[in-house]
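Below is one structure, written out as structure tokens; the observations come after it.
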Number of protein chains: 2
Amino acid sequence: MANLHSAIELFPTPDHDHHSCAASILEAAERICAERRVRLTEKRRQVLEIIAKSHTAAGAYEILEKMAGPKGRPAPVIVYRALDFLMAQGFVHRLASLNAFIACANPQSDHGSQFLICRDCRAVMEFSNPTLGKAIHEGAQAASFSVDATMVEVSGLCAACARAQHE
Amino acid sequence: MANLHSAIELFPTPDHDHHSCAASILEAAERICAERRVRLTEKRRQVLEIIAKSHTAAGAYEILEKMAGPKGRPAPVIVYRALDFLMAQGFVHRLASLNAFIACANPQSDHGSQFLICRDCRAVMEFSNPTLGKAIHEGAQAASFSVDATMVEVSGLCAACARAQHE
DNA sequence: GCAACAATTGTTATTGTATAACATTTTATG
DNA sequence: CATAAAATGTTATACAATAACAATTGTTGC
Ligand SMILES: [Zn+2]
Ligand SMILES: [Zn+2]
Ligand SMILES: [Zn+2]
Ligand SMILES: [Zn+2]
């Protein structure tokens, strides 16, 4: 996961070679599932593969389309169940502002969701800013509020799209 | 809006007297609408009133139920149009993590959305932590990302519900 | 007042997102 | 292999949001 000091190189550019990202996500998932004695079944793997294939968030029905075989696409509940599993294991995050899903950049560590979302190319970057996490926790504490989960979604324009607009 | 140094008194407790909160929200809305020469029509006022009546977020269809008269409830689009207006004027915020709506605690100032949401009593507190806002902006800048809108939704347990669980 | 126009509301239909309930199949365990 | 648990299949439904167009209400200048 990007710690925003080296983030400039890490925001997914439209042209970057993505094969290694996707492969390493699948690899990590298999390893972690083995460790935890949970099963990365065919459906679950298929959904994760589809999500990991892109740095843009995928909607549930978009995933369904990509799962479609000769007999047409599976029922919605199929993808939602796979997503529930993948989110429980921390392999996938849900972006509430988009009703869409993105592969986790760092599935090992338990972490709050913090995302930059480009409104133009729809690329998503997950980041983890300690200052931000600390500010949230302190704020909550001041209200005697005990935190379960935090959601930070920042929408705007990525550097590449900002440049493109100036041309 | 709470600036989390005095937040302990401000998280809405289940038993607090709410009439003044709701009344002042409606009052402020009327004043601001007059200033801006926009119309707080009957439907809009009704929707705002329903939302302001509670410190828990209201779903669109929940609002529809409460709008129901002898002829049944109005069409969904009625409430969504009112919500669009109320959000544009800054009287209401949408909570993406709940697909629900809450009255703004400080409709004067333009501000990013930051909320504490109790998973138990479902009460919502809007807050504005400058450190948090700054951290988000700095993080985005480090990624050369220009921010349009930020969304911070923190779910957990409020103080009252935490106490209740310990009994 | 009233014509002309803009804003708001009404009506019907549709798309998108997500879950409930229950049957069947697959996998792990003794 | 019998049993139980986990995962998948099937059908139906609930909830969230928008599209397209008609009717009504409010505003403005004459
Ligand atoms: Zn992550
Ligand atoms: Zn972009
Ligand atoms: Zn607000
Ligand atoms: Zn509570």
Side-chain angles (χ1 to χ4, degrees), chain A residues 29-30 33-51 56-89 91-102 122 151 153, chain B residues 29-30 33-51 56-89 91-102 122 151 153:
Chain A
E30 300 216 319
C33 283
E35 273 169 29
R36 294 181 186 162
R37 270 110 174 119
V38 294
R39 294 170 50 211
L40 188 64
T41 61
E42 194 44 43
K43 299 282 172 204
R44 291 166 177 176
R45 199 197 145 83
Q46 196 184 353
V47 170
L48 180 56
E49 209 162 3
I50 289 167
I51 293 173
T56 66
Y61 284 70
E62 195 182 329
I63 296 169
L64 273 177
E65 296 296 342
K66 292 184 181 167
M67 290 175 82
K71 305 168 207 160
R73 72 183 199 189
V77 70
I78 300 297
V79 81
Y80 282 107
R81 285 202 280 230
L83 287 168
D84 283 346
F85 171 84
L86 295 169
M87 287 191 289
Q89 297 301 322
F91 302 152
V92 163
H93 296 293
R94 180 170 187 277
L95 297 178
S97 62
L98 300 177
N99 293 332
F101 304 85
I102 191 88
R122 301 184 52 230
M151 190 212 84
E153 296 182 18
Chain B
E30 299 217 320
C33 282
E35 274 170 28
R36 295 180 187 163
R37 270 112 175 118
V38 294
R39 294 169 51 212
L40 188 63
T41 62
E42 192 45 42
K43 298 283 170 201
R44 291 165 177 177
R45 199 196 146 82
Q46 196 184 353
V47 170
L48 180 57
E49 211 161 2
I50 289 167
I51 293 173
T56 66
Y61 283 67
E62 195 182 329
I63 296 169
L64 273 177
E65 295 297 343
K66 292 184 179 165
M67 290 175 82
K71 304 168 209 160
R73 72 184 198 189
V77 71
I78 301 298
V79 81
Y80 282 107
R81 285 202 281 231
L83 287 168
D84 283 346
F85 171 85
L86 295 170
M87 287 191 289
Q89 298 300 323
F91 302 152
V92 164
H93 296 292
R94 181 171 186 276
L95 298 178
S97 62
L98 300 177
N99 292 333
F101 304 85
I102 192 86
R122 300 183 54 227
M151 215 175 289
E153 298 180 19

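Hydrogens, waters and symmetry mates are skipped; everything else that's a heavy atom, side chains included, is used. Computed from a prediction, not measured in an experiment: that's the story for all the values here. Below, chain A is the first sequence line, B the second, and so on; all start at residue 1.
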Atom [atom1] of [X] to atom [atom2] of [N]: distance rounded to whole Å?
X	N	atom1	atom2	value
B:Glu42	D:dG26	CD	P	12 Å
B:Leu64	D:dA14	CG	P	16 Å
A:Arg73	D:dG9	CZ	P	15 Å
A:Gln46	D:dA7	CD	P	17 Å
B:Leu83	D:dT18	CG	C1'	13 Å
A:Ile78	D:dT11	CD1	P	12 Å
A:Arg44	D:dG9	CZ	P	12 Å
B:Lys43	D:dG26	NZ	P	13 Å

In chain order, what residues pass the side chain to side chain contact (heavy atoms under 4.5 Å, CB included) check against A:Glu30, with sequence neighbours excluded?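 A:Glu30 satisfies side chain to side chain contact (heavy atoms under 4.5 Å, CB included) with A:Leu40, A:Arg45 once adjacent residues are dropped.
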Enumerate the salt bridge (Lys or Arg N to Asp or Glu O under 4.0 Å) contacts for residues 76-88 of chain A, please, sequence neighbours excluded, ordered by first and then second residue.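 Output for this query is empty, none listed.
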When rounded to the nearest 0.5 angstrom, what distance separates [atom1] in [X] from [atom2] in [Y]?
X	Y	atom1	atom2	answer
A:Glu62	A:Lys66	CD	NZ	5.0 Å
A:Leu83	A:Leu48	CG	CG	10.0 Å
B:Tyr61	B:Tyr80	OH	OH	5.0 Å

Mark up nucleotides 12-30 of chain C, 5' to 3', with B wherever a protein heavy atom is under 4.0 angstrom from a base atom, S wherever such an atom reaches only the sugar-phosphate, and - elsewhere. B----BBB-------S---
For C:dA7, take OP1 and OP2 only and decide whether either is under 4.0 Å from a side-chain N or O of B:Thr41.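 False: B:Thr41 side-chain N/O out of range (4.0 Å or more) of C:dA7 OP1/OP2.
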Is it the case that the side chain of A:Glu153 and the backbone of A:Ala96 share a donor-acceptor pair, with hydrogens and angles ignored and the cut-off at 3.5 Å?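 Yes; judged by distance alone, with no hydrogens or angles, the pair exists.
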